Amino acid sequence: MSQREYHIVVLGSGGVGKSCLTAQFVQNVWIESYDPTIEDSYRKVIDVDGRHVILEILDTAGTEQFKLYMKTGQGFLLVFSITSASSFRELAELREQIRRIKEDSTVPMVLIGNKSDLEEDRAVSRPRAFAISREWNIPYFETSARRRANVDEAFVDLCRQIIRKDHDRACMYPPDSLRPGLSPSPPINQSTKLPYPNKTNLQPYINMSAPNANTPNEGILGKTVNSVANAANYVSETVQGKSAEAQKESNKQQAKGNVPGKDSITDRASGAADAVGDKLKQSKHEGSAEANKHSV
Ligand SMILES: Nc1nc2c(ncn2[C@@H]2O[C@H](COP(=O)(O)OP(=O)(O)OP(=O)(O)O)[C@@H](O)[C@H]2O)c(=O)[nH]1
């Protein structure tokens, strides 16, 4: 069976739960503490409707410039917190940027209202979120990373959209339809690498249990998606390991431009790259620990 590789980008304001959602989807773990992301990438293999799909998931920083991600990403999770009206409002601009940069008005996207377990603190009503999702013509899911509610559904819906678009595109541009002199668009499944950290540092796959297919479906608000079963066909995932905390913090500070004498764009980029490596390594460590805990 052929394996296609798709690039997913998780976008949204800082603190809305992008990392927690990604960690739940990829590693099946809950992260309580808040450690602002610089940039993390994850790899996961799943079956979607019988198709073997490799996902590269980029968890972005809430304050980052997203242009590069937007160019190479094929599907986008637009995440806000239901407890933060500003995080909801900020998505409109992000969506516009994606459409502008990709010069495409039908980019696969999913709107996610996260932290649905905090109903008492809700600041964005369901009808309001629904209205926007209808206006944007994309599905809306209310998720709780904490309770692992609707997490698989949202990711798998996005995968379906990407696969559909890939398929439509392949039909529109079959290989033999290209005439000499025409430069072909790159096949979607071989898209340019995202600005991910050095993959040569990637650890081997860690085999973990399938996502919890028995989690009650708490208020799936978009279309009904029979994706839990698909997600349960999940095969494996990779995350990367941990490095020294002090070095990690120093890399982060450098990336943020807080280290005197190391605050040029190049220094910051280098700090960011190192910090990304640190963070990824940490994820693996935590993932392994959690997996071990579960297997006891
Ligand atoms: N109650 C609740 N808290 C959540 C949920 N998801 C995330 N959080 C908490 O919200 C905080 C921020 O979560 P992150 O996943 O780090 O947020 P983020 O969007 O990745 O933040 P940045 O890295 O700054 O962009 C953490 O303290 C999480 O524990 C959720 O579904 N429910």
Side-chain angles (χ1 to χ4, degrees), residues 8-42 57-66 68-70 73 76-91 93-95 97 109-124 126 129 140-155 195-197 211-212 215-221 239 248-249 251-253 255-258 271-272 275-283 285-287 290:
I8 287 181
V9 185
V10 189
L11 293 174
S13 308
V16 295
K18 299 181 295 295
S19 300
C20 290
L21 284 167
T22 307
Q24 279 287 23
F25 178 63
V26 175
Q27 298 171 255
N28 215 357
V29 295
W30 162 245
I31 303 165
E32 181 72 48
S33 61
Y34 179 37
D35 181 13
T37 307
I38 291 182
E39 179 187 294
D40 289 349
S41 77
Y42 300 85
I57 303 168
L58 186 71
D59 172 19
T60 62
T63 52
E64 274 290 343
Q65 289 295 318
F66 300 118
L68 257 178
Y69 314 147
M70 287 177 182
F76 299 84
L77 292 169
L78 303 181
V79 186
F80 68 95
S81 163
I82 66 156
T83 65
S84 161
S86 62
S87 70
F88 180 64
R89 284 194 299 271
E90 281 165 21
L91 289 181
E93 176 54 29
L94 275 178
R95 173 178 171 266
Q97 280 187 41
M109 291 185 210
V110 165
L111 179 64
I112 294 185
N114 189 41
K115 307 196 184 180
S116 64
D117 55 292
L118 298 178
E119 187 60 42
E120 65 280 11
D121 299 325
R122 182 185 279 275
V124 180
R126 289 179 180 182
Y140 175 52
F141 291 89
E142 287 207 344
T143 60
S144 169
R146 177 184 283 275
R147 295 189 184 160
R148 206 177 195 291
N150 275 341
V151 176
D152 295 335
E153 285 82 348
F155 275 89
Y196 290 161
N212 181 5
T215 302
N217 185 349
E218 292 193 321
I220 172 168
L221 298 177
V239 289
K248 181 183 151 199
E249 190 51 37
N251 287 334
K252 260 175 133 172
Q253 290 310 321
K256 287 174 181 173
N258 293 339
V276 167
D278 296 341
K279 183 86 187 198
L280 291 169
K281 289 172 194 164
Q282 178 184 348
S283 300
H285 175 79
E286 288 167 1
E290 191 65 21

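Just follow the structure's listing: the first ligand is 1, and inside any ligand the first atom is 1. Note that the coordinates shown come from a computational prediction; the quantities given were computed from them, not determined experimentally. Numbering of residues begins at 1 and proceeds along the displayed sequence.
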Open item on the list: I need the contact type for F80 against ligand 1. Using non-hydrogen atoms and a strict under-4.0 Å cut-off, is it side chain, backbone, both or neither?
Closed with: neither
Open item on the list: Checking the N or O distance criterion of under 3.5 Å, is ligand 1 in contact with R146?
Closed with: yes
Task: Nitrogen or oxygen atoms of V16 and ligand 1 under 3.5 Å apart - done: yes
Task: Residues D117 and R146 bridged, charged N to O under 4.0 Å - done: yes
Open item on the list: What I want to know is whether S19 and ligand 1 share at least one N or O pair that is separated by under 3.5 angstrom.
Closed with: yes
Task: Proximal ligand 1 atoms for K18, defined as those under 4.0 Å from one of its heavy atoms - done: 15 (O), 17 (O), 18 (P), 19 (O), 20 (O), 21 (O), 22 (P), 25 (O)
- [ ] Calculate, to the nearest 0.5 Å, the distance between atoms CG and CD1 belonging to D59 and I8 respectively.
- [x] 12.5 Å
Task: T83 side chain to D121 side chain, donor-acceptor N/O pair below 3.5 angstrom - done: no
Task: Residue portion contacting ligand 1 (non-hydrogen atoms closer than 4.0 Å) for N114 - done: side chain
- [ ] For S144, counting its heavy atoms only, list the atoms of ligand 1 lying under 4.0 Å from any of them.
- [x] 31 (O)
Open item on the list: Quick check: T143 and ligand 1, any N/O pair under 3.5 Å apart?
Closed with: no
- [ ] May I ask you to test the F76-L94 pair for a side-chain heavy-atom distance under 4.5 Å?
- [x] no
Open item on the list: Looking at ligand 1, would G15 count as a contact under a 4.0 Å heavy-atom criterion?
Closed with: yes
Open item on the list: With a heavy-atom distance limit of 4.0 Å, tell me whether L118 approaches ligand 1 through its side chain, its backbone, both, or neither.
Closed with: side chain
Open item on the list: Do F25 and D152 make a side-chain contact, defined as non-hydrogen atoms from C-beta onward lying under 4.5 Å apart?
Closed with: yes
Open item on the list: Is it true that S87 and S84 share a donor-acceptor pair across their side chains at a distance under 3.5 Å?
Closed with: yes
Open item on the list: Are F155 and V110 packed together at the side-chain level, in the sense that at least one heavy-atom pair is separated by less than 4.5 angstrom?
Closed with: no
Open item on the list: Closer than 4.0 Å to some heavy atom of I31 - which atoms of ligand 1 meet that?
Closed with: 29 (O)
Task: Sidechain-backbone polar pair: N114 side chain, A145 backbone, donor-acceptor under 3.5 Å - done: yes
Open item on the list: Within ligand 1, which atoms have a heavy atom of D117 less than 4.0 Å away?
Closed with: 1 (N), 2 (C), 30 (C), 31 (O), 32 (N)
Task: Expected output: side-chain K18 to main-chain S13 donor-acceptor under 3.5 Å - done: yes
TODO: Report yes if some N/O of A61 lies less than 3.5 Å from some N/O of ligand 1; otherwise report no.
DONE: no
Open item on the list: Check contact between S13 and ligand 1, using heavy atoms of the residue and a distance below 4.0 angstrom.
Closed with: yes
Open item on the list: Any heavy atom of T22 closer to ligand 1 than 4.0 angstrom?
Closed with: no
TODO: Identify the heavy atoms of N150 and T143 that sit nearest to each other, and give their distance.
DONE: O-CG2, 3.6 Å
